[in-house]
J.: 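Pasting in a structure now, in structure tokens, and then I'll have a few things to ask.
The basis for the numbers below is simple: all heavy atoms, side chains too, and nothing from hydrogens, waters or symmetry mates.
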Amino acid sequence: MGLPEIVDFARNFAVMVRVKGPDPKGLKMRNHAFHHYHSGTTTISASGMLLPDTLYDSGVAKQLFGGRGDGGGGGGGSQRSPVLVVTVASIVEPFLSLEHRKGLAQGRHQLIPGVQIDIMVEDEMRLEKESRDSDKAHPCWFAAQLLTLIDVPASAAAIQSLIEASLSSPDHGWEVGWSLASHSNAPQAQVDFGVRELGNLTLTGKSNTRIAILGVSLIPQDVPNITISPSNQRGDFLVAVGSPFGILSTVHFFNSISVGSIANCYPPNSSSSSLLMADIRCLPGVEGGPVLSEQAQLIGMLIRPLRQKTSGAEIQLVISWEAIATACSDLLRKEPHYAEKGISVDRGTSDDVGKPILAESHGSNGAITHIQECIYSSCSSPSPVEKAMGSVCLINIDDGAWASGVFLNKQGLILTNAHLLEPWRFGRRTASDGRHGSISEALSPRHSGLYGKQKSEGCPPMVHNNADPSVRDEHGGYVLSSYRGQRRIRVRLDHRDPWIWCDAKVVYVCKGPVDVALLQLKYITDQLSPIVMDFMSPSVGSKAYVIGHGLLGPRCGFSPSICSGVVAKVLKSKFPHSYQTNQPGNTQGDLPAMLETTAAVHPGGSGGAVVNSEGQMIGLVTSNARHGGGTIIPHLNFSIPCAALLPIFKFSKDMQDPSLLQVLDQPNEYLSSVWALMPPLSPKPPPLPPHIPESLLQDNNKEAKGSRFARFVAERKDVFENPNQLGKERRLPNNVVPSKL
């Protein structure tokens with residue numbers, strides 16, 4: 001099934017939810033990043049998801065729908081079995097009665113008088129057959145009513161754990177809400193809902209994962225059946241449908257499409273995830289929208305993101321359908337239920353992946369339709385990209401800064417960035433100074449016991465001593481590394497279950513323009529999985545996946561995240577002749593020097609791997625871009641191509657000849673200009689032709705203007721270094737005349 005078909009299918013379930021009610025004091029909008037307020041009435045909107053009747057108990061839904069008498073939406077008292085809509089609770093919570101807002105009332109949730117709930121559906125959905133046959137070709141509004149609010153404990157606990165892990169680091173902590181909402185300039189009444197609740201972490205997790213179930217008088221048969229994604233793995237493709245800023249203009253924003261991938265899952269290393277982190281573009285108002293897989297199977301529902309306080313970086317969150325259905329098991333079903341229709345589920349195998357196959361057979365009660373539900377092939381075996389995750393590790397420096405690293409061999413040799421060890425060489429004050437790169441400050445050590453998989457301070461007895469590593473410090477008079485820093489370096493091995501920590505030492509720090517360093521485990525563990533490199537120049541537009549520990553540090557308890565994108569640009573540069581010998585991808589003496597990719601890179605992702613669809617490494621994550629104010633641009637980042645890392649790969653084979661790395665330490669003005677984001681160096685001017693007039697040759701020998709200016713600056717160095725003294729005329733040197741302007 002191609003993307004256009006998936007999108008057409010997904011739009012059958014996506015709706016926009018609009019809630020309008022009395023708001024004399026203009027306070028209801030504080031729960032949302034945007035709103036519409038007019039004459040004492042506030043309108044807010046979000047996205048929602050229509051459910052086929054195979055995913056809920058129609059009898060229970062009918063009782064809830066027919067028993068409502070609060071007038072909160074219309075359609076009450078109808079004996080028709082309603083169609084259910086799932087959305088975020090934050091859209092209706094401001095309009096709950098005072099008793100229900102304070103949690104004092106029991107039973108069904110009541111809305112204040114005068115509240116109206118409507119949903120907008122695609123033009124294919126109609127209330128009655130005659131209106132379905134009409135000539136309308138635009139979305140339609142239908143009245144809905146609130147049936148119940150549901151807490152999702154598993155997903156709430158996941159968010160609570162993430163925020164708790166950041167409490168000891170206020171500068172790098174997390175909060176809930178959209179970064180587009182102006183929290184510093186907005187009045188208190190308009191500040192995002194989640195920010196005000198951070199004092200109570202339990203309430204924060206619950207409020208962001210609470211869902212609302214609405215009922216609407218549509219024909220259930222109009223909602224097509226959908227299957228549930230059986231397994232959600234990092235790197236899996238996903239499609240989200242939502243209505244950002246929907247109330248501002250439904251024509252422009254209704255049921256907009258966004259595609260991305262699953263970046264991470266919680267709990268980690270679990271077959272069933274209650275919370276997913278998505279690498280996808282989302283905007284305020286898409287919360288509540290459905291998320292589907294590449295096989296058009298339901299994954300879950302969008303909610304508001306986590307936002308890092310300092311950088312403003314967002315992690316888009318998705319509540320899995322399994323977590324939602326488990327929290328409301330008396331009404332919702334984890335798997336489609338076809339018994340009432342004479343349909344049974346056969347989870348067999350099929351060549352048509354992801355498409356329900358209908359076949360008729362005959363039983364004692366007549367024709368029975370069997371649905372053979374095809375399981376995504378990745379459930380049985382990990383994808384090549386997910387296999388590459390076993391080669392990426394987490395590096396921690398002095399229990400402070402963290403970054404990522406890549407295993408090059410089974411002897412524990414790790415490739416990472418030099419700026420982790422020597423940040424001052426790359427425009428950083430400290431390793432945790434994330435202003436110019438991808439290093440982020442880790443969490444306080446006192447939270448080390450928060451997650452069981454991070455309690456280990458050393459290596460368990462299963463690892464083998466490597467007291468005499470095979471890396472030689474000197475070969476042929478060439479010193480391998482001049483690094484003399486006294487720092488504790490620890491590496492977390494994520495391919496083991498449970499995770500383990502190992503001490504490491506610095507083997508090599510590049511002294512040239514290439515931002516690379518090598519670490520060596522002091523203890524060699526079993527089952528190390530070295531990365532496979534691809535030294536060919538990647539094609540522009542080809543798929544690229546970034547694997548690393550961006551944003552989520554050691555105390556958050558996550559495996560590496562996967563973010564997907566494409567290779568946007570391949571910049572080439574001149575390399576020494578020793579590079580060009582038998583170098584794959586070499587054309588006219590130039591080799592790939594920098595990769596620009598659109599896959600998201602966040603602080604902490606430095607030293608991670610950029611891999612292609614086959615799981616082969618094509619580059620080493622090095623830096624990303626930032627706005628002038630310091631805000632990260634996650635989808636504009638730069639990596640070192642594997643073609644530029646060939647000497648390191650050769651050294652990693654037996655680690656006996658450190659002189660192979662000598663070429664990396666040599667100055668390279670062309671490569672330096674590339675990584676400084678400077679224009680290419682201009683070639684030297686050719687010699688002057690002999691027919692140039694003698695007068696021009698004499699002028700050419702005279703001192704240039706640039707030289708005179710340089711001498712002028714040098715003579716007045718003290719003045720320029722102390723600009724504050726210029727305003728005090730008595731302190732100026734005698735040979736400096738103040739300007740009359």
J.: Got a second to check how far M594's CE is from K572's NZ, nearest 0.5 Å?
T.: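 So the CE of M594 and the NZ of K572 are separated by 15.0 Å.
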J.: How close do P592 and V570 get, heavy atom to heavy atom, and via which atoms?
T.: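 The pair with the smallest heavy-atom distance is CB-CG1, 4.0 Å.
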J.: Has E287 got a side-chain atom pairing as donor or acceptor with M301's backbone, closer than 3.5 angstrom?
T.: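 No; judged by distance alone, with no hydrogens or angles, the pair does not exist.
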J.: Restricting to non-hydrogen atoms, name the atom on Q233 and the atom on S383 that form the minimum distance, rounded to 0.1 Å.
T.: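 Heavy atoms only, the tightest pair is OE1-N, 4.4 Å.
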J.: Can you name the nearest heavy-atom pair linking S613 to P384, along with the distance?
T.: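 Closest approach of S613 to P384: O-CB, 3.8 Å.
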J.: Indicate the atoms forming the closest heavy-atom contact of W499 with D494, along with that distance.
T.: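 Shortest heavy-atom contact: NE1-O, 3.3 Å.
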J.: Distance-only, no hydrogens or angles: does the D8 side chain make a donor-acceptor pair with backbone N or O of R11 under 3.5 Å?
T.: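 Absent.
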J.: To the closest 0.5 Å, what do you measure between CD1 (I397) and CG (L421)?
T.: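 So the gap between those two atoms works out to 5.5 Å.
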J.: Hey, what do you get for CD1 (I648) to CD1 (I640), rounding to the nearest 0.5 Å?
T.: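 Rounded to the nearest 0.5 Å, the CD1-CD1 separation comes out at 8.0 Å.
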J.: List for me each residue that meets side chain to side chain contact (heavy atoms under 4.5 Å, CB included) alongside A14, sequence neighbours excluded, and say none if there are none.
T.: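 By the side chain to side chain contact (heavy atoms under 4.5 Å, CB included) rule, A14 matches V241, N255, P290.
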J.: Quick check: F651 with Y508 (ring centres under 6.0 Å apart)?
T.: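 That pair fails the under 6.0 Å test.
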J.: Indicate the atoms forming the closest heavy-atom contact of C502 with L521, along with that distance.
T.: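 Minimum heavy-atom contact is CB-CD2, 4.0 Å.
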J.: Can you confirm whether L636 sits close enough to E596 that some side-chain heavy atom of one is under 4.5 Å from a side-chain heavy atom of the other?
T.: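 The answer is yes; the side chains approach within 4.5 Å.
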J.: Pair I226, F9 - check side-chain contact (heavy atoms from CB on, under 4.5 Å), show working.
T.: CA-CA 9 Å; I226 188 172; F9 182 68; 3.9 Å; yes
J.: Given side chains that start at C-beta, do those of L519 and V506 come closer than 4.5 Å, heavy atoms only?
T.: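 They are in contact (side-chain heavy atoms under 4.5 Å apart), so the answer is yes.
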J.: According to side chain to side chain contact (heavy atoms under 4.5 Å, CB included), who are the partners of K410, at least two apart in sequence or on a separate chain?
T.: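 Testing K410 for side chain to side chain contact (heavy atoms under 4.5 Å, CB included), a comparison that skips the adjacent residues, returns P530.
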J.: Going by the rule ring pair (Phe, Tyr, Trp, His ring centres under 6.0 Å), which residues pair with F407 if we only count those two or more places apart in sequence or in a different chain?
T.: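 With sequence neighbours excluded, F407 shows a ring pair (Phe, Tyr, Trp, His ring centres under 6.0 Å) to no residue whatsoever.
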J.: Does any part of the side chain of C393, heavy atoms only, come nearer than 4.5 Å to the side chain of I414, both counted from C-beta?
T.: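 Of all side-chain heavy-atom pairs linking C393 with I414, at least one is under 4.5 Å.
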J.: Show, in sequence, the C-alpha distance, side-chain angles and deciding distance for I303 and I159, and conclude whether the side-chain contact (heavy atoms from CB on, under 4.5 Å) test is met.
T.: CA-CA 11 Å; I303 59 174; I159 293 180; 4.1 Å; yes
J.: Which residues satisfy the side chain to side chain contact (heavy atoms under 4.5 Å, CB included) test with L3, sequence neighbours excluded?
T.: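 For L3 the side chain to side chain contact (heavy atoms under 4.5 Å, CB included) partners, ignoring immediate neighbours, are V7, F237, V239, V259.
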J.: Would M617 and L415 satisfy side-chain contact (heavy atoms from CB on, under 4.5 Å), going step by step from the backbone distance to the final call?
T.: CA-CA 12 Å; M617 181 174 171; L415 174 64; 4.2 Å; yes
J.: I'd like to know if the side chain of N417 and the backbone of D515 have a donor-acceptor N/O pair within less than 3.5 Å.
T.: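 Indeed, once roles are kept as given, a pair shorter than 3.5 Å links the two residues.
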J.: Return yes if some donor-acceptor pair links the side-chain N/O of D534 with the main-chain N/O of Q616 below 3.5 Å, else return no.
T.: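 Flag not set: sc D534 to bb Q616 has no pair under 3.5 Å.
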J.: Holding to side-chain hydrogen bond (donor to acceptor under 3.5 Å, both in side chains), I want the full list of residues that pass it with S639, two or more places apart in sequence or in another chain.
T.: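 Testing S639 for side-chain hydrogen bond (donor to acceptor under 3.5 Å, both in side chains), a comparison that skips the adjacent residues, returns none.
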J.: With no hydrogens and no angle check, do the side chains of S606 and H419 hold a donor and an acceptor under 3.5 Å apart?
T.: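 Side chains of S606 and H419: pair found under 3.5 Å.
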J.: Using only atom types and a distance under 3.5 Å, with no angle test, would you say the side chain of R234 pairs donor to acceptor with the backbone of P560?
T.: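 Indeed, once roles are kept as given, a pair shorter than 3.5 Å links the two residues.
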J.: Could you pull out all residues at least two apart from S529 that satisfy side chain to side chain contact (heavy atoms under 4.5 Å, CB included)?
T.: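 By the side chain to side chain contact (heavy atoms under 4.5 Å, CB included) rule, S529 matches S391.
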J.: Calculate, to the nearest 0.5 Å, the distance between atoms CE and CG belonging to M655 and D657 respectively.
T.: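 Here the rounded value is 13.0 Å.
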J.: Are any side-chain N or O atoms of Q656 and backbone N or O atoms of D654, one a donor and one an acceptor, separated by less than 3.5 Å?
T.: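 At least one qualifying donor-acceptor pair exists.
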J.: Mind checking side-chain hydrogen bond (donor to acceptor under 3.5 Å, both in side chains) for T597 and listing every partner two or more places apart, or none if nothing turns up?
T.: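 Listed in chain order: N637.
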J.: Measure the acute angle between the ring planes of F245 and F253, then classify it against the limits of 30° and 60° as parallel, tilted or perpendicular.
T.: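 If you compare the ring of F245 with that of F253, the planes turn out perpendicular.
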J.: Drop me the distance from L591's CG to L646's CG, to the nearest 0.5 angstrom.
T.: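 Reported to 0.5 Å precision, the distance equals 9.0 Å.
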J.: Within the side chain of N612, is there an N or O that forms a donor-acceptor pair under 3.5 Å with the backbone of G615?
T.: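 A pair under 3.5 Å: yes.
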J.: Do you know which two heavy atoms are closest between A240 and I280, and how far apart they sit?
T.: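 Nearest pair, atom of A240 first, then I280: CB-CD1, 3.7 Å.
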J.: Taking the side chain as C-beta and beyond, is there a heavy-atom pair between V663 and D665 under 4.5 Å?
T.: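 Side-chain contact under 4.5 Å: no.
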J.: Ring pair (Phe, Tyr, Trp, His ring centres under 6.0 Å) with F638: which residues, sequence neighbours excluded?
T.: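 Per chain and number, F638 pairs via ring pair (Phe, Tyr, Trp, His ring centres under 6.0 Å) with no residue.
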J.: Rounded to the nearest 0.5 Å, what's the gap from SG on C265 to CG on L275? Could you check?
T.: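 Between C265 SG and L275 CG, I get 9.0 Å after rounding to 0.5 Å.
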J.: Can you list everything that forms a side-chain hydrogen bond (donor to acceptor under 3.5 Å, both in side chains) with S229? Sequence neighbours excluded, please.
T.: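 Expected list: N232.
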J.: Who are the side-chain hydrogen bond (donor to acceptor under 3.5 Å, both in side chains) partners of S261, not counting sequence neighbours?
T.: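 S261 satisfies side-chain hydrogen bond (donor to acceptor under 3.5 Å, both in side chains) with S564 only.
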J.: Going by the side chain to side chain contact (heavy atoms under 4.5 Å, CB included) test, name the single residue among S256, S258, P284 that passes it with P244.
T.: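 Looking at S256, S258, P284, the match for P244 under the side chain to side chain contact (heavy atoms under 4.5 Å, CB included) is S256.
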J.: Indicate yes or no for a side-chain donor-acceptor contact from W675 to the backbone of A593 under 3.5 Å, with no hydrogens or angles considered.
T.: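 Here the side-chain-to-backbone pair exists.
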J.: Any sub-3.5 Å donor-acceptor pair from Q411's side-chain atoms to Q520's backbone N or O?
T.: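 The answer is no, because no donor-acceptor pair under 3.5 Å joins these two groups.
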J.: So, does S404 use its side chain to make a donor-acceptor pair with the main chain of H549 at under 3.5 Å?
T.: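 Side chain of S404 to backbone of H549: a pair is present.
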J.: Test side-chain contact (heavy atoms from CB on, under 4.5 Å) on L518 and L408; report intermediate values, then the result.
T.: CA-CA 10 Å; L518 293 175; L408 298 180; 3.9 Å; yes
